[in-house]
Amino acid sequence: MLLLIVALLALAAPILLNPFPTASALAQFNAGYPDLMQRFAIYGILAIGFNILFGLTGYLSFGHAAFLGVGSYSAVWMFKLLSMNVIPAILLATVIGGLFALVIGFVSLRRSGIYFSILTLAFAQMCYNLAYSVLTPISNGETGLQLSLSDPRVLDGPSSGSLPVTSLFGAEMREAATITLGGWSWTFSVGYYVCAALLLLAFWLSIRIFRSPFGLMLRAVKSNQNRMAYTGLSARPYTLAAFVISGMYAGLAGGLLASMDPLAGADRMQWTASGEVVLMTILGGAGTLLGPVLGAGVIKYFENIFSKINDAILHQWVAVLPDGLEDAVVAVIHPFVGKGWHLTLGLIFMAVVIFLPGGLVEGARRAGAVVRRRDRNAPSVESDAAARRAAAE
């Protein structure tokens, strides 16, 4: 049922994320354009994979951006050497992400707690700096790896005239159809639905992992490793498997990023990108199925929508106020939007950590419990009528 609900929401996202008419002042808050929806889906996949490691085993990795970057580089190289079809690129990115995670996890999982986190951070920073220096022939350094007309592309053949675009069996990723109805406008793109389909597949796999004996063993690792060892079970094979699966999810997300925009740079491997996925998971609810997707959506929404609200837009919203009051209101709101969107997101994150340790999912559960309790306590019409008759008698 949960998967069905998520599937329906994903299919209807271009409509649900554009609730305001295009010409209205509130159209600034619409998020139904293809680029942002693709990022919702891609970073949702990244957060789901990270949640399998952190949410189930309790191992906090600060180096997941390394797998994201490796997946992007792998996908772009596939576009350069083989074909512009996204399927081979996505498959290679997933496999390379998993192999890379196997190597890093084999070393890092010799330690736990903060030492494990520091080891993963060190590996990620090593990869970031290597991409800028020693591995420049592979990564193209600061410029980033990108397509060129001289690329062989064995299956497609060399390009002539203009650079080719990524596609899925002939359907271009950037291809889109726009439907206008009244004041509303909705855009349905091929790229988004490819990302959404893979998001649903990733979500279904996470459900299977969470509810499997393997997922139960991962919870045992998080609960008490010493007690698990006393039963004769070693935690390391399970944590390494979770680390590799999480790395494959990150590699898939990196491949999708390259499929939407065939460019791979070392900035995707920076420590801030690793911290971002940690925030997504905690904000949505670590250890829950839906939480990481919600957290990824919230952070990417703030990054792309709130960061575009400037003083001109604020003055437009409060233009009905007197001049002095208008300037005062804009001055109060200004630090929280535009370039200051990090401040708003930080305050939200602090509030969630303090009041909702289980993330946004816990907040939804509490709200649902309050509504159900209110419904149970509300007297029915029949009981009210019976009480009035008894009082009259």
**Prompt:** Please walk me through it: do Asn226 and Asn224 pass side-chain contact (heavy atoms from CB on, under 4.5 Å)?
**Reply:** CA-CA 6 Å; Asn226 291 330; Asn224 194 318; 3.5 Å; yes

**Message:** So does Leu82 get a backbone contact from the side chain of Trp77, meaning a donor-acceptor N/O pair under 3.5 Å?
**Reply:** no

**Hydrophobic cluster membership, Val86 vs Phe169, 4.5 Å side-chain cutoff** = yes

**Asked** Any side-chain heavy atom of Val318 within less than 4.5 Å of one from Leu314?
**Response** no

**Asked** Considering residues, nucleotides and ligands other than Arg236, do more than 12 of their heavy atoms fall under 6.0 Å from its CZ?
**Response** yes

**Request:** Indicate yes or no: does Arg365 engage Glu362 in a salt bridge with an N to O separation below 4.0 Å.
**Result:** no

**Sequence-distant partners of Phe29, ring pair (Phe, Tyr, Trp, His ring centres under 6.0 Å), two or more places apart** = Trp317

**Message:** I want to check something: taking the side chain as every heavy atom from C-beta on, are Ser74 and Val70 in contact at a cut-off of under 4.5 Å?
**Reply:** yes

**Message:** Between Asp156 (side chain only) and Met84 (backbone N and O only), is there a donor and an acceptor less than 3.5 Å apart?
**Reply:** yes

**Asked** When hydrophobic residues are tied together by side-chain contacts of less than 4.5 Å, even through go-betweens, does Met173 share a cluster with Leu201?
**Response** yes

**Request:** Report, as yes or no, whether the 6.0 Å neighbourhood of atom CZ on Arg219 holds more than 12 heavy atoms from other residues, nucleotides or ligands.
**Result:** yes

**Message:** For residues Ile138 and Phe123: do they belong to one hydrophobic cluster (side chain heavy atoms under 4.5 Å, members Ile, Leu, Val, Met, Phe, Trp, Tyr)?
**Reply:** yes

**Item:** Where Ala131 and Ala266 come nearest, the two heavy atoms and their spacing
**Value:** CB-CB, 3.8 Å

**Request:** Output yes when a side-chain donor or acceptor of Ser72 lies under 3.5 Å from a complementary backbone atom of Leu68, and no otherwise.
**Result:** yes

**Asked** Under the criterion side-chain contact (heavy atoms from CB on, under 4.5 Å), which of Leu11, Thr178, Ile15 is the partner of Phe188?
**Response** Ile15

**Item:** Remaining members of the apolar cluster that contains Ile114, side-chain heavy atoms under 4.5 Å
**Value:** Tyr115, Ile118

**Asked** Which residues pass the ring pair (Phe, Tyr, Trp, His ring centres under 6.0 Å) test with Tyr128, sequence neighbours left out?
**Response** Tyr132

**Asked** Does the pair Asn51 and Thr281 meet the rule for a side chain to side chain donor-acceptor pair (under 3.5 Å), with working shown?
**Response** CA-CA 6 Å; Asn51 188 47; Thr281 307; 5.5 Å; no

**Item:** Any donor-acceptor N/O pair, Trp184 side chain to Pro19 backbone, under 3.5 Å
**Value:** yes

**Prompt:** Is a donor on one side and an acceptor on the other found under 3.5 Å between the side chain of Asn304 and the backbone of Leu36?
**Reply:** no

**Message:** Tell me whether the NZ or CZ atom of Arg110 lies within the 45° cone about the ring axis of Phe106 and under 6.0 Å from its centre.
**Reply:** yes

**Asked** What is the minimum heavy-atom distance between Pro137 and Val134, and which atoms define it?
**Response** CD-O, 3.6 Å

**Item:** Considering all heavy atoms, the nearest Leu149-Leu163 contact
**Value:** N-CD2, 3.7 Å

**Prompt:** So, does Asn18 use its side chain to make a donor-acceptor pair with the main chain of Ser185 at under 3.5 Å?
**Reply:** yes

**Prompt:** If you look at every heavy atom in Gln38 and Ser189, which pair is closest and at what distance?
**Reply:** NE2-OG, 3.8 Å

**Item:** Pairwise side-chain contact, Ser223 with Met228, heavy-atom cut-off 4.5 Å (strictly under)
**Value:** no

**Stepwise side-chain contact (heavy atoms from CB on, under 4.5 Å) check, Leu263 with Val76** = CA-CA 7 Å; Leu263 171 67; Val76 175; 5.9 Å; no

**Exam field: side chain Lys222 to backbone Gly55, donor-acceptor pair closer than 3.5 Å** = yes

**Whether over 12 other heavy atoms sit under 6.0 Å from Arg111 CZ** = no

**Item:** Between CG on residue Leu283 and CD1 on residue Ile348, distance to nearest 0.5 Å
**Value:** 7.5 Å

**Message:** So does Phe336 get a backbone contact from the side chain of Thr344, meaning a donor-acceptor N/O pair under 3.5 Å?
**Reply:** yes

**Prompt:** Do the side-chain N and O atoms of Thr143 and Asn140 include a donor-acceptor pair separated by under 3.5 angstrom?
**Reply:** no

**Prompt:** Are side-chain heavy atoms of Phe40 and Tyr301 found at a separation under 4.5 Å?
**Reply:** yes

**Request:** Locate the shortest heavy-atom distance separating Met269 from Cys127; write the atom from each residue and the value.
**Result:** CE-CB, 3.3 Å

**Message:** I'd like to know if the side chain of Ser108 and the backbone of Gly105 have a donor-acceptor N/O pair within less than 3.5 Å.
**Reply:** no

**Message:** Within this structure, what is the CG-CD1 distance for the pair Leu91 and Ile96, rounded to the nearest 0.5 Å?
**Reply:** 11.5 Å

**Complete:** Taking every heavy atom of Gly255 against every heavy atom of Ala75, the minimum-distance pair comes out as CA-CB, 3.8 Å

**Message:** Within the 4.5 Å heavy-atom criterion, are Leu200 and Val6 side-chain neighbours or not?
**Reply:** yes

**Item:** Cluster check Leu290, Ile5: I/L/V/M/F/W/Y, side chain < 4.5 angstrom
**Value:** no

**Distance in Å, Leu252 CG paired with Thr94 OG1, rounded so as to fall on 0.5 Å steps** = 4.0 Å

**Message:** Once ring pair (Phe, Tyr, Trp, His ring centres under 6.0 Å) is applied, do any residues pair with Phe79, and if so which ones, sequence neighbours excluded?
**Reply:** none

**Asked** What pairs meet the ring-ring contact (aromatic ring centres under 6.0 Å, His included) rule with one or both residues in residues 43-74, with sequence neighbours excluded?
**Response** Phe50-Phe54, Phe50-His64, Tyr59-Phe116, His64-Phe67, Phe67-Phe243

**Flag side-chain contact, heavy atom, 4.5 Å: Ser61 against Leu53** = yes

**Heavy-atom side-chain contact between Leu257 and Arg268 under 4.5 Å** = yes

**Request:** Could you state whether Leu216 and Val221 fall into the same hydrophobic cluster, counting links through intermediate Ile, Leu, Val, Met, Phe, Trp or Tyr residues with side-chain heavy atoms under 4.5 angstrom apart?
**Result:** no

**Message:** side-chain contact (heavy atoms from CB on, under 4.5 Å) for Ile90 and Ser259? Distances and angles first, verdict last.
**Reply:** CA-CA 8 Å; Ile90 290 172; Ser259 298; 3.9 Å; yes

**Any Leu17 side-chain heavy atom under 4.5 Å of Met37 side chain** = yes

**Request:** To the nearest 0.5 Å, tell me how far Leu3 CG sits from Leu8 CG.
**Result:** 9.5 Å

**Under-4.0 Å salt bridge between Lys308 and Glu303** = no

**Fill in**
Distance col, row Ser206:OG vs Ile45:CD1, nearest 0.5 angstrom, shows 11.0 Å

**Asked** Under 3.5 Å, is there a donor-acceptor pair between the side chain of Asp151 and the main chain of Ser148?
**Response** yes

**Request:** Output, in order, the C-alpha distance, side-chain angles, deciding distance and verdict of side-chain contact (heavy atoms from CB on, under 4.5 Å) for Arg153 and Leu81.
**Result:** CA-CA 4 Å; Arg153 274 182 284 278; Leu81 299 177; over 6 Å; no

**Message:** Rounded to the nearest 0.5 Å, what separates atom CD in Gln28 from atom CD1 in Ile313?
**Reply:** 4.0 Å

**Prompt:** With sequence neighbours left out, what residues match Phe100 under ring pair (Phe, Tyr, Trp, His ring centres under 6.0 Å)?
**Reply:** none

